[in-house]
Structure formats: structure tokens, C-alpha cells
Number of protein chains: 2
Amino acid sequence: MANQLSHLDQVFAALADPTRRAIVMRLCAGEASVGELAEPFEMALPSFMKHIHVLELSGLVQSEKSGRVRTCRLSPEALVGAEDWFQHQRAIWEARLDRFEAYVIKLKKERAAAKRPSKATDKTTNKPGKRKGTE
Amino acid sequence: MANQLSHLDQVFAALADPTRRAIVMRLCAGEASVGELAEPFEMALPSFMKHIHVLELSGLVQSEKSGRVRTCRLSPEALVGAEDWFQHQRAIWEARLDRFEAYVIKLKKERAAAKRPSKATDKTTNKPGKRKGTE
DNA sequence: TAATTGGTTAGCCATGTAGCTAACTATAGG
DNA sequence: CCTATAGTTAGCTACATGGCTAACCAATTA
């Protein structure tokens with residue numbers, strides 16, 4: 001688990017660079033050689049290779065050399081692991097928001113009941129990010 | 001859009017550090033002062049403050065000072081933006097995998113039909129990451 | 001076998017990042 | 001008013017990162 005966490009370090013660090021994100025996006029559409037991947041970038045090959053290397057270390061990309069051409073492909077497990085982290089965090093703060101919302105609603109109800117025992121339907125609590133299945 | 005992308009740089013870079021990830025996780029559970037946040041870490045305050053600053057620049061965290069205590073809270077929009085990036089990439093490569101799988105199945109069907117017109121139920125195509133609703 | 005192509009290694013440089021200490025500001029409490 | 005508390009600013013060091021050039025394999029291909 002701690003191992004997995006330090007792996008997240010590398011995955012997020014890898015994705016923090018626009019060049020590397022572009023490479024990942026490109027590889028989502030299918031495997032490609034280093035040369036093909038490098039072509040859209042105005043960058044010397046050795047510099048570009050460093051990015052590939054970082055992506056490989058992070059586990060996001062695998063590559064294999066046959067003949068003199070190295071073919072790269074995405075290995076989605078790392079990507080999925082990072083996405084899981086987000087979903088986990090989101091679950092936590094959405095749970096908290098739900099509790100908070102419930103609390104606010106309860107509060108409003110009580111205040112309404114105390115002051116004016118009618119018309120307790122207020123809509124001030126718009127949660128910012130309720131998206132898809134919170135699970 | 002390009003603006004949003006360069007913002008992703010900062011968000012991912014912010015999350016590439018275990019200290020900062022821990023801060024974000026902590027803030028998912030509710031807001032806290034700088035001192036409270038810093039307490040679990042064996043780190044000098046100025047060093048810790050740098051992490052807070054990075055998180056603020058990335059848009060993941062907002063803070064506000066009242067009196068002599070600065071209270072930090074999560075601002076989930078940035079987190080959600082990063083999560084969206086993952087989901088978008090996943091949608092792309094899952095679509096590709098689906099296409100590939102369909103192709104393989106078609107291929108197998110054709111081969112089976114050509115060689116032995118029976119027993120065409122093979123299960124070599126296990127997609128690694130079919131998770132939840134692809135949308 | 002000689003030349004080209006595709007990648008790799010080595011090494012340099014500028015900048016950024018993570019940590020520290022020391023000294024400072026400003027509020028809260030006595 | 002004095003002291004302790006909570007952050008903040010300034011400035012330092014060490015190391016990581018992103019880029020470059022130059023030179024170097026190793027497969028194709030002519």
C-alpha cells in the first residue's frame with residue numbers, strides 16, 4: 001500500500017508535464033514507435049527519450065524493441081490507479097458534503113420550526129460537484 | 001482550454017508529492033488551520049507552508065486568514081478537472097479496446113468458419129480495465 | 001561493404017523544488 | 001504592556017528536471 005502510494009508520486013509527476021500528457025493521449029489511440037511519437041514535438045530526440053523514460057518508470061507506458069525500432073504502448077493499470085485515487089477522495093468529500101447538507105437542512109428545519117412553523121423549503125445548499133455515481 | 005491544460009500541469013505537479021496528497025486527503029474530511037494540518041508532519045513550518053502555497057497556486061486549496069490563524073479548505077473544482085482528464089483518456093482507450101476486441105472476435109470467427117465450422121467460443125480477449133460505466 | 005535510419009549514451013547547463021535556520025510581524029491572553 | 005502563539009519572509013543548500021549537443025551503436029538498405 002505504501003508502495004502503491006509512492007507509485008502515485010511517479011504517475012502524477014509524469015502527468016504533470018504537457019509533453020508527457022500528450023504522449024499518453026496519443027498512446028490512448030494506439031501503440032506507436034518512438035519516432036512517430038516524437039514527430040509532433042520540436043525537441044531533440046534525447047530530450048524526448050527522457051520523457052518516454054519517465055513514463056516507463058511511472059508504469060504508464062511499456063515499450064519493446066524489435067529490430068531498431070522501439071514500440072510504445074499504454075499500460076493502463078497505472079492510469080486507473082491514479083483515477084481511483086481521485087474517486088476515493090471524491091467519495092470522501094462528497095460524503096462530507098452530504099452530511100453537511102443534511103446538517104444544514106436539519107438546521108433550517110429547526111429554525112423554521114422555531115420561528116415560523118411553515119414554509120421550510122429553502123434551496124441555498126447547492127453542492128458544487130455532484131457528478132455521476134458517487135458509489 | 002489551453003489555459004485549463006496548463007492548469008492541469010499545476011494540479012498534477014501538486015499531487016505528485018505525498019505530503020501534499022496527504023494534505024488534500026485531510027482537507028477532504030473538512031477544513032483546518034495551517035497548524036492543524038502541519039502537526040502530523042515532522043517538517044519545519046516554512047517548508048510546510050511552501051506545500052500549502054503550491055496547493056493554492058494549483059487551485060486545489062483555498063485559504064483565508066482571520067485573526068492570526070489561516071484556515072484552509074479544499075476547492076474541489078481543480079480535483080474534478082483532473083479526474084475528468086482521466087475519464088476522458090479512459091473513454092478513448094476503452095473505445096479502442098472495444099474496437100480491437102470486436103476485430104479479434106471477428107477474426108476468430110472467420111478463422112473458425114474457414115477451418116472448422118464449429119466451436120468458435122474462445123475467451124482470449126480479457127480487457128484489463130473494463131470498470132464501471134464507460135459512459 | 002558503405003551509407004542511412006532509429007535510437008541511445010554521455011555530459012553539459014539553467015531552472016525549479018524541497019528542505020533547513022534565523023529573524024520578523026501580528027494577534028490573543030494574562 | 002508583556003509574552004506566547006501562529007504565520008510569514010528572507011536566504012541558504014542540495015538535488016531533481018528539462019532542455020541541449022556530440023558522439024556512438026545497431027539494424028536496414030543500396
Side-chain angles (χ1 to χ4, degrees), chain A residues 2 5-27 30-73 78 82, chain B residues 2 5-27 30-73 78 82:
Chain A
L5 285 181
S6 61
H7 209 250
L8 269 190
D9 287 12
Q10 295 182 281
V11 171
F12 282 131
L15 294 177
D17 183 280
T19 300
R20 289 193 291 259
R21 255 187 345 263
I23 295 174
V24 168
M25 294 172 75
R26 167 63 219 278
L27 288 179
E31 62 183 38
S33 73
V34 169
E36 286 169 348
L37 287 174
E39 187 254 320
F41 301 96
E42 294 185 358
M43 187 184 299
L45 247 237
S47 314
F48 187 79
M49 284 298 295
K50 281 195 188 175
H51 289 296
I52 298 283
H53 193 58
V54 170
L55 286 170
E56 287 204 69
L57 284 182
S58 76
L60 283 166
V61 163
Q62 289 176 348
S63 73
E64 178 188 10
K65 193 166 181 176
S66 89
R68 66 183 167 178
V69 51
R70 175 173 295 278
T71 304
C72 303
R73 69 180 54 76
Chain B
L5 285 181
S6 61
H7 210 241
L8 268 189
D9 287 12
Q10 294 182 280
V11 171
F12 282 131
L15 294 177
D17 184 279
T19 300
R20 289 193 292 259
R21 255 187 345 264
I23 295 173
V24 168
M25 293 171 76
R26 167 64 219 278
L27 288 180
E31 61 183 39
S33 74
V34 169
E36 288 168 347
L37 288 174
E39 187 255 318
F41 301 95
E42 293 186 358
M43 188 184 297
L45 248 237
S47 315
F48 187 80
M49 284 298 294
K50 280 194 188 176
H51 289 296
I52 299 282
H53 193 57
V54 170
L55 286 169
E56 286 204 69
L57 284 182
S58 76
L60 283 166
V61 164
Q62 289 175 349
S63 74
E64 178 188 12
K65 192 166 182 176
S66 89
R68 66 182 166 179
V69 51
R70 175 173 296 277
T71 304
C72 303
R73 70 181 53 79

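Atom set for the values below is all heavy atoms of this structure, side chains included, hydrogens, waters and symmetry mates excluded.
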Rounded to whole angstroms, how far apart are [atom1] on [X] and [atom2] on [N]?
X     : N      : atom1 : atom2 : answer
A:E56 : C:dG7  : CD    : P     : 13 Å
B:E36 : D:dA6  : CD    : P     : 10 Å
B:M49 : D:dT9  : CE    : P     : 8 Å
B:D9  : C:dT17 : CG    : P     : 11 Å
A:F12 : C:dT17 : CZ    : P     : 18 Å
A:F41 : D:dG19 : CZ    : P     : 10 Å
A:L15 : D:dT17 : CG    : P     : 14 Å
A:H53 : D:dT17 : NE2   : C1'   : 13 Å

If you take all heavy atoms of [X] and [Y], which pair is closest and at what distance?
X     : Y     : result
A:L8  : A:A82 : CD2-CA, 3.7 Å
A:R26 : A:E31 : NH2-O, 4.1 Å
B:V11 : B:S58 : CG2-O, 3.6 Å
B:L57 : B:H7  : O-NE2, 4.1 Å

Applying salt bridge (charged side-chain N to carboxylate O under 4.0 Å, His left out), name anything that partners B:E39, two or more places apart in sequence or on another chain.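 For B:E39 there are no salt bridge (charged side-chain N to carboxylate O under 4.0 Å, His left out) partners, ignoring immediate neighbours.
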Could you work out which one of [options] sits closest to the side chain of [X]?
X     : options                : value
A:V54 : D:dG18, C:dC20, D:dT8  : D:dG18
A:D17 : D:dG18, D:dC20, C:dG19 : D:dG18
B:H51 : C:dG19, D:dC20, C:dG6  : C:dG19
B:P46 : C:dT8, D:dT9, C:dG7    : D:dT9

Taking OP1 and OP2 of D:dG18, is either one under 4.0 Å from a side-chain nitrogen or oxygen of A:S47?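 For D:dG18, OP1/OP2 do not have a side-chain N/O of A:S47 under 4.0 Å.
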With a cut-off of less than 4.0 Å, is there a side-chain N or O of A:R68 near OP1 or OP2 of C:dT8?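 It does not, given that no N or O in the side chain of A:R68 lies less than 4.0 Å from OP1 or OP2 of C:dT8.
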Starting from the first five and the last five pairs of the helix from C:dT1-D:dA30 to C:dG30-D:dC1, work out the angle between the resulting helix axes, to 10 degrees.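 The value is 20°.
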Hey, are the side chains of A:C72 and A:L27 touching, using non-hydrogen atoms and a 4.5 Å cut-off?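 Counting from C-beta outward, A:C72 and A:L27 do come under 4.5 Å.
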Is there a side-chain contact between B:F12 and A:R21 in this structure, where contact means two heavy atoms from C-beta onward sitting under 4.5 Å apart?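 Result yes, sub-4.5 Å side-chain heavy-atom pair found.
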Please figure out whether B:F48 or A:G35 has its closest DNA chain C nucleotide nearer the 5' end.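 Closer to the 5' end of DNA chain C: A:G35.
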State whether the distance check finds a donor on one side and an acceptor on the other, under 3.5 Å, for side chain B:K50 versus base C:dG19.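 Answer is yes: a donor-acceptor pair is held.
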Under 4.0 Å, counting only non-hydrogen atoms across every strand here, what does B:S33 touch: a base, just sugar-phosphate, or nothing?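 Touches sugar-phosphate only.
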First of A:S66 and A:L45 reached from the 5' end of DNA chain D, by closest nucleotide: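 Residue closer to the 5' terminus by nearest nucleotide: A:L45.
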Identified side chain to side chain contact (heavy atoms under 4.5 Å, CB included) counterpart of B:L55 within the set B:Q10, B:Q62, B:R20, B:K50: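 Testing B:L55 for a side chain to side chain contact (heavy atoms under 4.5 Å, CB included) against B:Q10, B:Q62, B:R20, B:K50 leaves exactly one candidate, B:R20.
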